[in-house]
**Q** 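Mind looking over this structure? Questions follow.
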Amino acid sequence: MSKPDYSPIESPVAYEAKWARLWREGRIFEADPIKGKPKFFICVPYSYQNGPLHLGHAFTFTRGDSYARFKRMQGFNVLFPWSWHWTGEAVAGTSERLKRGDPAIVRLLRDIDNVPEELIPRFTDPAFICKYYTGENRKVVDAMGFSVDWRREFYTTDLHPYYSKFIQWQYLRLREKGFVSMGEHPVVWCPACQSATGDHDRLVGEGIVPEEYTLVFFECDGFYLAAGTLRPETVFGATNVWLNPYAEYVLVEYYGKRILVSRKAAEKLMEQKHGINILRPINAKELMGKKCKAPITGSELPILPAGFVDPNVVSGVVFSVPAHAPYDYAALLELQRNITEGMSMYAELLKGLRPISIISVPGYGDFPAVEVVNRMGISGQDDERLEEATREVYSKEFHEGIMKNNCGEYSGLPVRVARDAVKARLISSGLGDVMYDLPSKVVCRCGSECLVKVVKDQWFLTYSDPEWKKKVRMQIMKMNIFPEEARQWFLNVVDWLRDWACTRKTGLGTPLPWDRSWIVETLSDSTIYPALYTISKYMNDGTVKPDQLTLEVFDYVFLGVGDPEKVSKETGIPKSVLESMRDEFLYWYPVDCRISAKELVPNHLTFYIFHHVALFDEGLWPRCIGVNGMVTVEGEKMSKSKGNMIPIKAALAKYGVDATRCTLLLAAEGMDDPDWRDKNAQETRRMLDLFLKIVEEATSSELEACEDRLERWLISKMVKRVKVVTDAMESLKTRTACHEALYGMYNDWKWYVRRRKKLTRSVLTFLDTWVRLLAPFAPFTAEEAWSKLGNGGFVSLARWPDYRPEEVDELAEASEELIARLLGDLREIIEVTERKPIRAHVYTSSAWKLKVLSIILGFDLKDVMKEPGIVIKESLKVFPDKRKEIPSIVKKIVEHISSFPSEISRNVLLELASQEKKVYDEAKSFLESEIGCPFHIWAEDEPGIYDPMGKSRHALPLRPGIFVEINP
RNA sequence: GCCGGGGUACCCGAGCCUGGUCAAGGGGGUGGGCUUAAGACCCACUGGCGUAGGCCGUCCUGGGUUCGAAUCCCAGCCCCGGCACCA
């Protein structure tokens, strides 16, 4: 593929390009099978090449790459491949708009997507668009430091030499297994464009989908009035049929019958049914007052005029159910109230109409529609509140309604059951049918009003197949899904999934192998392509020619079916090559992890599982899916029309790669939506620079060996951070992991350098670990630091730090906690006095209180908090002379002890309490410099103690008394 | 409507599963240190009250469980996302 360098990727961070180059030259991310080495195959969905990659892509990709890098450092042989999605109709749409000279599209390409002006004319070719963006985006992916094995790259559609072969093999095999079938399907259709009108192609009516209505045939004079309804079961409660006297009606020849509908409806039906014809117009007025016969019930109902009947809605014929439909009741009321001139001849008929109750609903009487209309004070059919009234009655009756005894064989059935049963009976007896219509107006981008067309001969993936679903559900239960909440979502999607129309007439893609007038639709040609990554390098390097890829080759490699000897003879691919392809597939498969944004849960990710389940052996089904949220920018949804779409390239140019990666990672995890904020990116940039400065400072200092409490503290904290980061990564909590690796480690470092004025040898251990922990998230900065620390090679290939629990030192940690608390107490006191301190005195508690502490720790702290009495009694036995102090001292100690983290064991607390004075003595000079005055540390019962305020009495174990002398 | 996710301080956001360490962390703001200055960096404060480490308040609303609730239970209100011919 030609990839002219239209514009370079620039980062303000000089070392980023350097390391990207060294990785490329070292080919360190190229992964081949290694016998005996555990593998890890991770991938992200390829992106559609109709524009520059933006921060939304960057988020998912960075999570994937961080995980890949983490696993690589853990010693796995990691495969992280890349490719590009070209399939779809959108790019073709762009080309068309450009050809028509749409100025908006030129503006978008030039101003938003920064396409060089001179190239825009070439965008009239859809393939060029994909090619252009693929070239641009490959540079971005490379610059981002994604650890990709580029030898396996491909793109989709039949423009690619072998991708289509793979898809055609997939579809032939799916069809053989019965997962592809032909059917018909209603779509929103533009009669002018002669194509389906997707949401993005609409001027009006986004989100509107075809609604299915039931036509109910009422016989009259040898033909049928076809009334449309959402509630066929209410035919039992029909009182009459309404026609609009001023609308145009026609008689339609309809499968051996003649039906009457509005002219508009007839036109709609022509798009939905085979071989129906409009016979002649009918004057509705001539039908008024006549009787017609309802299906199933056989009731004779009058035909009456009503202006509210809209000929543009469904069939333009309505049957009235005033008992259960608020609109019908309101209309009836109004007509009965003021019978106009033209209506006078029907006065008797109108007056005779009474609601017929057919459904009982808890909480309502016989006539819910009447009740609701009266309650809401609705007086006429134009009242807007009828919408709400209808919603209420429909919903109540659907969920809780029961058909009454006057409903024949449907009596006693729940409404929701009766509805489908009545509909089925109407259709099978030829007295009804299905008609689709749009619940509200939809206008195509071309300006024409859309209608519903039933697309014939459409190919479907039969996702509704219960056996198929069952296997998919079982796999979903088995696999790892992060976060866990997404699992239930997947299960729900499987439940609701219907058959999926998998072919299209237009756009780029792979022709359906058995009917080349169709193209495999975009979501349907991107399900099992991770399998292709395992062998694509053989085609890319020319070992296997695309035209050698017969069905038998794919059968052998992916299914283990067939004899390699024979396949080799037929194709000319050496047998050894076939066998290594097969081996390589089996080495990498199954996919160990696929990471994607949550918008793909209800479609791509679920399809991905379905197709693997359909085609491969059970051991090769996906092992894990990670789902994440969708990026917003400064709290707003990102979109081109809002102009807040941030291309990755722009973020890189401003903050550098690692800051971009970390800002995204730090913004959210789980299914929460990360919010990109400029301020956060600046801060992250500063933090990474500071980290490098810390490394430089440490490596340029004279470091002495030192073994003390604080050194042990530093290493202990570090070891614990290792565990937190590792555990977080294992469950794909990239935010927690990145945060701990960056800020967690930094907080420990800050405290350490504040306590220790001069750096020691231990900091090298600390920094070594810190660099490794950062490497998955900020790989460039980590490599730079790695080399500054004097290491050769790449930290990208270094070992992930092990958790070494033996280096945890709870006592050292608790000691520092004690010092921090003392410092906090001192600060608070000094602040309240609002004076400069001249001397501070600290009193540690006397030995008997320590003994009381040990008594307390002999009990379960929970019990003690509930019942302090047990400890008080016990303590009194030991110190009968402290009768006065003990009750309150015990309570205070218990309260204070409970403020320590519960992971600190009681042994550590006791040990710490016994060393308390020593701990303060060791930190004396630190405390003096922090507070800015001399310190004295006394024991409570020390002779000659200076304690003019009697503060030593208040001393408790692990909480000394304090007296601060201040300038008066 | 159906399904999924949420509501935490000035802002963003953790904690919730497994109740007590607790209202993390970052931004912004205020004050101080370092500095010729600026920037960077460091420290403190950032719900209220307080001349001694304290007291009171707070996690959408209202109830409940508990010695103890941001966390568990019940009811309600509100917000966001997906719902198929878009990728």
Side-chain angles (χ1 to χ4, degrees), chain A residues 45 47-48 50 85 87-91 93 185-188 195-201 207 209 391 394-395 398-399 455 458 463 483-486 488-490 492-493 495-504 521-524 526 598-604 629-630 632 634-635 637 666-673 675 677 679-680 682-684 686-687 689-690 693 735-736 739-740 743-744 747 750 753-754 817 821-822 824-835 861-862 865-868 895 897-904 930 949 951 954 959-964 966:
Chain A
S47 57
Y48 187 50
N50 67 335
H85 205 192
T87 309
E89 300 170 285
V91 162
H185 178 67
V187 295
V188 178
S195 79
T197 310
D199 258 357
H200 303 301
D201 299 324
V209 292
R391 251 201 312 279
Y394 271 35
S395 156
F398 180 70
H399 290 103
V455 176
Q458 171 62 275
Y463 292 136
E484 185 56 39
E485 304 95 85
Q488 191 54 48
W489 190 4
F490 275 108
N492 289 327
V493 170
D495 282 344
W496 292 111
L497 201 60
R498 307 192 300 258
D499 289 349
W500 182 269
C502 64
T503 52
R504 293 289 178 278
E521 167 271 346
T522 173
L523 279 167
S524 303
S526 53
K598 60 186 173 185
E599 58 180 344
L600 298 189
V601 170
N603 44 66
H604 164 72
M630 289 154 69
T632 57
E634 310 288 338
K637 210 176 151 168
L666 291 169
E669 67 192 2
M671 285 199 279
D672 292 340
D673 296 329
D675 187 21
R677 285 180 183 255
K679 288 271 186 225
N680 293 2
Q682 286 175 23
E683 156 56 27
T684 310
R686 272 203 297 274
M687 185 62 224
D689 292 340
L690 177 61
K693 240 164 90 183
R735 177 194 155 104
T736 302
H739 191 269
E740 282 289 314
Y743 290 103
N747 282 339
K750 266 199 300 196
V753 294
R754 192 171 153 196
E817 170 76 21
R821 284 180 184 219
L822 175 57
D825 285 346
L826 283 161
R827 282 235 155 78
E828 201 164 341
I829 291 167
I830 291 164
E831 193 184 332
V832 171
T833 62
E834 292 176 320
R835 297 284 201 291
L861 206 57
K862 275 196 169 164
M865 280 197 284
K866 234 182 257 182
E867 279 292 336
E895 200 177 307
I897 287 303
S898 71
S899 80
F900 281 86
S902 56
E903 332 51 285
I904 301 184
E930 288 286 320
M949 299 292 282
K951 292 290 180 186
H954 299 296
R959 187 173 190 276
I962 298 169
F963 169 51
V964 179
I966 50 175

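Just so it is clear: chains get the letters A, B, ... in the order the sequence lines come, proteins before strands, and each one is counted from 1. All values reported here derive from a predicted model rather than from experimental measurement.
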**Q** Applying ring-ring contact (aromatic ring centres under 6.0 Å, His included), can you list everything that pairs with A:Trp489, at least two apart in sequence or on another chain?
**A**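 Residues passing ring-ring contact (aromatic ring centres under 6.0 Å, His included) with A:Trp489: none at all.
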**Q** Grab the CD-C1' distance between A:Glu895 and B:G68 for me, whole Å please.
**A**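 Going from A:Glu895 (CD) to B:G68 (C1'), I get 12 Å.
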**Q** Among all residues two or more places apart in sequence or in another chain, which pass the salt bridge (Lys or Arg N to Asp or Glu O under 4.0 Å) test with A:Glu485?
**A**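 A:Glu485: no salt bridge (Lys or Arg N to Asp or Glu O under 4.0 Å) contacts found.
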**Q** Once you apply the 3.5 Å cut-off to both distances, tell me the Watson-Crick or G-U wobble partner of B:G1, or none.
**A**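 Matched B:G1 with B:C83 under the 3.5 Å cut-off.
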**Q** A:Glu895: which residues meet the salt bridge (Lys or Arg N to Asp or Glu O under 4.0 Å) condition with it, sequence neighbours left out?
**A**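 A:Glu895 satisfies salt bridge (Lys or Arg N to Asp or Glu O under 4.0 Å) with no other residue.
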**Q** Could you run down the sub-3.5 Å N/O contacts of the protein with nucleotides 18-24 of chain B?
**A**
unit_1 : atom_1 : unit_2   : atom_2 : d
B:U21  : O2'    : A:Ser899 : O      : 2.5
B:U21  : O2     : A:Pro901 : N      : 3.4

**Q** Output one letter per nucleotide in nucleotides 44-49 of chain B: B when a protein non-hydrogen atom lies under 4.0 Å from the base, S when only the sugar-phosphate is that close, - when neither is.
**A** S-----
**Q** Students often get this wrong, so: under 4.0 angstrom with heavy atoms, is A:Gly629 touching a base, only sugar-phosphate, or nothing?
**A**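 The answer is nothing, as A:Gly629 stays clear of every strand by at least 4.0 Å.
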**Q** Who are the side chain to side chain contact (heavy atoms under 4.5 Å, CB included) partners of A:Asp825, not counting sequence neighbours?
**A**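 A:Ile962.
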**Q** Could you tell me whether A:Arg686 contacts a base, only the sugar-phosphate backbone, or nothing, with contacts defined as non-hydrogen atoms closer than 4.0 Å?
**A**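 Sugar-phosphate only.
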**Q** For A:Asp672, give me all partners under salt bridge (Lys or Arg N to Asp or Glu O under 4.0 Å), at least two apart in sequence or on another chain.
**A**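 Per chain and number, A:Asp672 pairs via salt bridge (Lys or Arg N to Asp or Glu O under 4.0 Å) with no residue.
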**Q** Please give, in whole Å, the distance from B:C83 C1' to A:Leu523 CG?
**A**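 Spelled out: CG on A:Leu523 to C1' on B:C83 is 14 Å.
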**Q** Within a strict 4.5 Å, meaning less than it, do heavy atoms of the A:Val964 and A:Ile830 side chains meet?
**A**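 Yes. Closest side-chain heavy atoms under 4.5 Å.
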**Q** Check side chain to side chain contact (heavy atoms under 4.5 Å, CB included) between A:Glu599 and all other residues, then give those that pass, not counting sequence neighbours.
**A**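 If we apply the side chain to side chain contact (heavy atoms under 4.5 Å, CB included) test to A:Glu599, skipping adjacent residues, the hits are A:Ala597, A:Met630.
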**Q** Please report the distance, rounded to the nearest Å, between CH2 in A:Trp496 and C1' in B:C3.
**A**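 For the pair A:Trp496 CH2 and B:C3 C1', the rounded distance is 8 Å.
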**Q** From the list B:G53, B:A87, B:G50, which nucleotide is the closest neighbour of the side chain of A:His85?
**A**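 Looking only at heavy atoms from C-beta outward on A:His85, the closest nucleotide is B:A87.
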**Q** With sequence neighbours left out, what residues match A:Glu930 under side chain to side chain contact (heavy atoms under 4.5 Å, CB included)?
**A**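 So A:Glu930 forms a side chain to side chain contact (heavy atoms under 4.5 Å, CB included) with A:Arg754, A:Leu823, A:Arg827, A:Phe926.
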**Q** Taking any strand in view, what nucleotide pairs with B:G19 in a Watson-Crick or G-U wobble way, both distances under 3.5 Å?
**A**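 Pairing partner, where one exists within any strand: none, as none qualifies.
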**Q** Quickly work out the A:Glu599 CD to B:C83 C1' distance and round it to whole Å.
**A**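 After rounding, the gap between these two atoms is 14 Å.
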**Q** When the distance from CE of A:Met687 to P of B:G26 is rounded to whole Å, what number comes out?
**A**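 Whole-Å distance recorded here is 10 Å.
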**Q** Identify, with sequence neighbours excluded, every residue that meets salt bridge (Lys or Arg N to Asp or Glu O under 4.0 Å) alongside A:Glu89.
**A**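 With sequence neighbours excluded, A:Glu89 shows a salt bridge (Lys or Arg N to Asp or Glu O under 4.0 Å) to A:Arg504, given in chain and number order.
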**Q** What residues, two or more places apart in sequence or in another chain, satisfy side chain to side chain donor-acceptor pair (under 3.5 Å) together with A:His604?
**A**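 Partners of A:His604 by the side chain to side chain donor-acceptor pair (under 3.5 Å) criterion, ordered by chain and then number, come out as A:Arg594.
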**Q** Check the interface with nucleotides 4-9 of chain B: list each N/O to N/O pair with the protein under 3.5 Å, or write none.
**A**
unit_1 : atom_1 : unit_2   : atom_2 : d
B:G4   : OP1    : A:Asn492 : ND2    : 3.3

**Q** Taking atom types as modelled, is there a side-chain donor on A:Asp675 or A:Thr632 under 3.5 Å from an acceptor on the other?
**A**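 Yes, A:Thr632 and A:Asp675 have a side-chain donor paired with an acceptor closer than 3.5 Å.
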**Q** Have a look at A:Leu666 and say if it touches a base, only the backbone sugar-phosphate, or nothing, with a 4.0 Å heavy-atom cut-off.
**A**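 Here A:Leu666 touches no strand at all.
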